[in-house]
Amino acid sequence: MPKKTAGRQRIDTTKLIEDRSQRQVTFSKRRPTLFAYAADLSACFGVDTAVVVFSESGTAYAFGSPSVDAVLRRHKDDGREPLPGDAALDLGDLAARRRELKEAEALAAAEKERMKAIGVKVKLAVAEAGRAGWWEAHAGALGEAELPEFERALRKLRDAVRCLVDKKAAPLPAADAPA
């Protein structure tokens, strides 16, 4: 069976794309990638980056780390001292922020595991009692850590049931009344 489309083709990046609509589509697809590369440079090497791109219609698109204004003010040669928030992060600050990020990720992973363990305990309690749903678990079989989560889930279920009952109990409009 012959191919219906030309598929993905490599284009020569050194010459102007003649078709205006194709040029706009390519610009729109490549701009986020350019900004991602600038963000990677900033994150990996702790450098300030600023990229400003103007579309054919004159629209400006900008990316900066920490911000475009901060980078431009920092490198502007007017003899002024940089403003307090304009200076680049030194490597110590960068390392501290990375450490904080790793600690936050570790805490999030630990909480996820804790919630998973609570779910397993609730399922076991339900299975041991021979009941159909998690809401029928025996509260005495759960530990101190599981009880607040179980209570929260029961309250959420209660509220959902109340909402459903309220919707069903709402009076229906009369058949002969105009809508």
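Positions are given from 1 along the sequence.
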Should E151 and R155 be marked as a salt bridge (Lys or Arg N to Asp or Glu O under 4.0 Å) after you check the CA-CA gap, both sets of side-chain angles, and the distance that decides it?
-> CA-CA 6 Å; E151 180 186 11; R155 287 180 193 269; 2.5 Å; yes

Closest non-hydrogen contact found for A70 with S67 is N-OG, 3.1 Å

Excluding V52, membership of its hydrophobic cluster (Ile, Leu, Val, Met, Phe, Trp, Tyr; side-chain heavy atoms within less than 4.5 Å) reads F54, V68, L72

request  = For R30, look at atom CZ and say whether over 12 heavy atoms of other residues, nucleotides or ligands are found less than 6.0 Å away.
outcome  = no

Q.
Could you walk me through whether E105 and K102 satisfy the salt bridge (Lys or Arg N to Asp or Glu O under 4.0 Å) test, starting with their C-alpha distance in whole Å, then the side-chain angles of each, then the deciding distance to 0.1 Å, before giving a yes or no?
A. CA-CA 5 Å; E105 286 173 343; K102 286 189 181 200; over 6 Å; no

Give a yes or no on whether the backbone of G64 and the side-chain of T49 come within a donor-acceptor separation of less than 3.5 Å. no

Rounded to the nearest 0.5 angstrom, the CD-CZ distance for E103 and R99 is 7.5 Å

Q.
Counting C-beta onward and ignoring hydrogens, is there a side-chain heavy-atom pair between D48 and S42 closer than 4.5 Å?
A. no

Taken to the nearest 0.5 Å, the spacing of L164 CG from D159 CG works out to 12.5 Å

> If only atom types and distance count, is the side chain of T59 paired as donor or acceptor with the main-chain N or O of S55 below 3.5 Å?
Replying inline: no

Quiz item: Does T26 use its side chain to pair, donor to acceptor, with the backbone of Q22 at less than 3.5 Å?
Solution: yes

With sequence neighbours left out, the residues meeting salt bridge (Lys or Arg N to Asp or Glu O under 4.0 Å) with R23 are E56

Exactly one candidate in L34, V53, I17 meets side chain to side chain contact (heavy atoms under 4.5 Å, CB included) with F27; the answer is V53

